[in-house]
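When reading the values below, keep in mind they use all heavy atoms of this one structure, side chains included, and skip hydrogens, waters and symmetry mates. Residues take their numbers from the sequence shown, with the count starting at 1.
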Amino acid sequence: NTKQQQQAIIWGRFSSSQQADGDSRDRQERLNRALAKREGIRVLAEYFDEGTSVKEGATPMFKKLIAELPSGVGIICENLDRINRGHPWRAKAYIADILEAGHWIITSTDSTEYSAESIKEPSKVSAGDTQTSTAYAGNFYRIQRVREAKLEAIDLARKGIPSPLGAWLPSHLRYNFDTRRYDFNQDIADITERIFKEYASGKGTSNIAKGLNKDNVLTFGSKKAGAWTRSSISELLRYEGVMGTLIIKGERMPGAFPPAVKEQLFYQVKALLDNNTKRGGNYTAERVNNVFRGLCHCSQCG
């Protein structure tokens, strides 16, 4: 077949949701569409898998797509690592299976075409080796760097030094990479303290949530009000990060970062929570129509 008769799908992917804010998708789609136009290939459909890693093999979306793709239809992608970034031997074997099933692949960064026949050529073997090995090595060293950076951040936290802990930081703190300090969100700290003080004064988690929603208090990280729930309040009341304690893999690190509530208040609330758990909670809905109320009890907490 000539290229004018070839038909293909366009495939794109990136590994993390953070890349959605960058130009990865735009770049891939631009390169892939340009190649199809340049080579006169008819594009049947375009697919893009967002925030999905292929370090362990192809994504579920791609596997399903290939299983349903008619023989003879090709795949246009930026690089082979958009399909598989696993160990080079496994990645090449997977790609070889796709080609032997009657498909072909063109990478838009270098216009290299892979097919069941062409991969027998030493030049294509070499090109495939380079792409799969480079992708695997890049991913391997990137993971190593991320792991080392996490260990370094945890070690700084042990010493009470501000560090880029990311999602391990409580909502009232953000690490500032310019100043290498924490930016303290006083509004979130005040809301946190309000929740703890209200529970300590005798308010239940449902009533606290209702009060916050009535006052249009935003949940942490939310852009809309009215989302506080009994469970979200309970989770916050038990979260030691609000008093500056970091817990990772069972290791407790008191004083790892600035607190939103004092230890005395946190442990006062903890004692109340423990006592209420042993005693059994109260149903706080305004209307209760249940003939079994007071007769049936949870087998776990009583």
Side-chain angles (χ1 to χ4, degrees), residues 16-18 143 145-213 215-279 281 301:
S16 63
S17 56
Q18 287 86 348
I143 291 171
R145 289 195 299 271
V146 169
R147 184 178 292 118
E148 290 170 2
K150 284 183 177 180
L151 292 175
E152 183 180 350
I154 293 170
D155 189 53
L156 289 173
R158 288 191 185 99
K159 303 171 183 176
I161 300 173
S163 58
L165 291 165
W168 286 325
L169 283 175
S171 298
H172 66 280
L173 296 176
R174 287 291 180 273
Y175 183 77
N176 189 318
F177 285 89
D178 294 327
T179 63
R180 296 187 179 183
R181 303 287 180 187
Y182 291 129
D183 290 336
F184 191 94
N185 190 316
Q186 190 61 53
D187 291 337
I188 290 180
D190 289 343
I191 295 168
T192 303
E193 187 177 33
R194 166 183 167 173
I195 292 170
F196 273 80
K197 285 184 175 180
E198 287 186 0
Y199 191 86
S201 69
K203 270 193 176 183
T205 52
S206 293
N207 285 330
I208 293 174
K210 288 178 184 177
L212 293 170
N213 292 332
D215 293 341
N216 292 320
V217 176
L218 299 178
T219 58
F220 306 153
S222 174
K223 293 184 179 179
K224 70 174 185 176
W228 288 99
T229 63
R230 179 179 182 178
S231 60
S232 64
I233 297 296
S234 296
E235 184 178 352
L236 180 64
L237 292 173
R238 295 182 182 278
Y239 176 47
E240 294 190 37
V242 298
M243 66 168 178
T245 298
L246 175 64
I247 302 177
I248 297 178
K249 295 182 179 179
E251 180 184 356
R252 295 182 76 258
M253 305 172 212
F257 32 70
V261 299
K262 295 180 179 179
E263 282 190 24
Q264 182 180 356
L265 178 58
F266 180 88
Y267 285 114
Q268 179 186 354
V269 167
K270 183 179 185 302
L272 290 171
L273 287 167
D274 292 343
N275 184 58
N276 288 338
T277 299
K278 293 175 184 176
R279 186 185 60 186
C301 68

Closest non-hydrogen atom pair, [X] against [Y]:
X    : Y    : value
Y182 : S163 : OH-N, 3.2 Å
A153 : P164 : CB-O, 3.9 Å
E193 : V261 : CA-CG1, 3.7 Å
A200 : Q268 : CB-NE2, 3.8 Å
R180 : P162 : O-CB, 3.6 Å
L237 : F266 : O-CE1, 3.6 Å

**Prompt:** Please walk me through it: do I154 and M253 pass side-chain contact (heavy atoms from CB on, under 4.5 Å)?
**Reply:** CA-CA 9 Å; I154 293 170; M253 305 172 212; 3.6 Å; yes
With a 4.5 Å limit on heavy-atom distance, are the side chains of [X] and [Y] in contact?
X    : Y    : result
E263 : T245 : no
L165 : Y175 : no
I195 : L212 : yes
L173 : P258 : yes
L236 : F220 : yes

Atom pair [atom1]/[atom2] of [X] and [Y] - distance to nearest 0.5 Å:
X    : Y    : atom1 : atom2 : value
I191 : F196 : CD1   : CZ    : 13.5 Å
D215 : W228 : CG    : CH2   : 12.0 Å
H172 : D187 : NE2   : CG    : 13.0 Å
K150 : I248 : NZ    : CD1   : 9.5 Å
F257 : L169 : CZ    : CG    : 6.0 Å
R238 : L273 : CZ    : CG    : 4.5 Å

**Request:** Assess whether atom CD of Q264 is packed by more than 12 heavy atoms of other residues, nucleotides or ligands within 6.0 Å.
**Result:** no
**Request:** Check whether more than 12 heavy atoms from other residues, nucleotides or ligands sit under 6.0 Å from atom CZ of R181, and answer yes or no.
**Result:** no
**Salt-bridge present (K159, D155; N to O < 4.0 Å)** = yes
**Asked** Do any N or O atoms from the side chain of N213 and from the backbone of A227 form a donor-acceptor pair under 3.5 angstrom?
**Response** yes
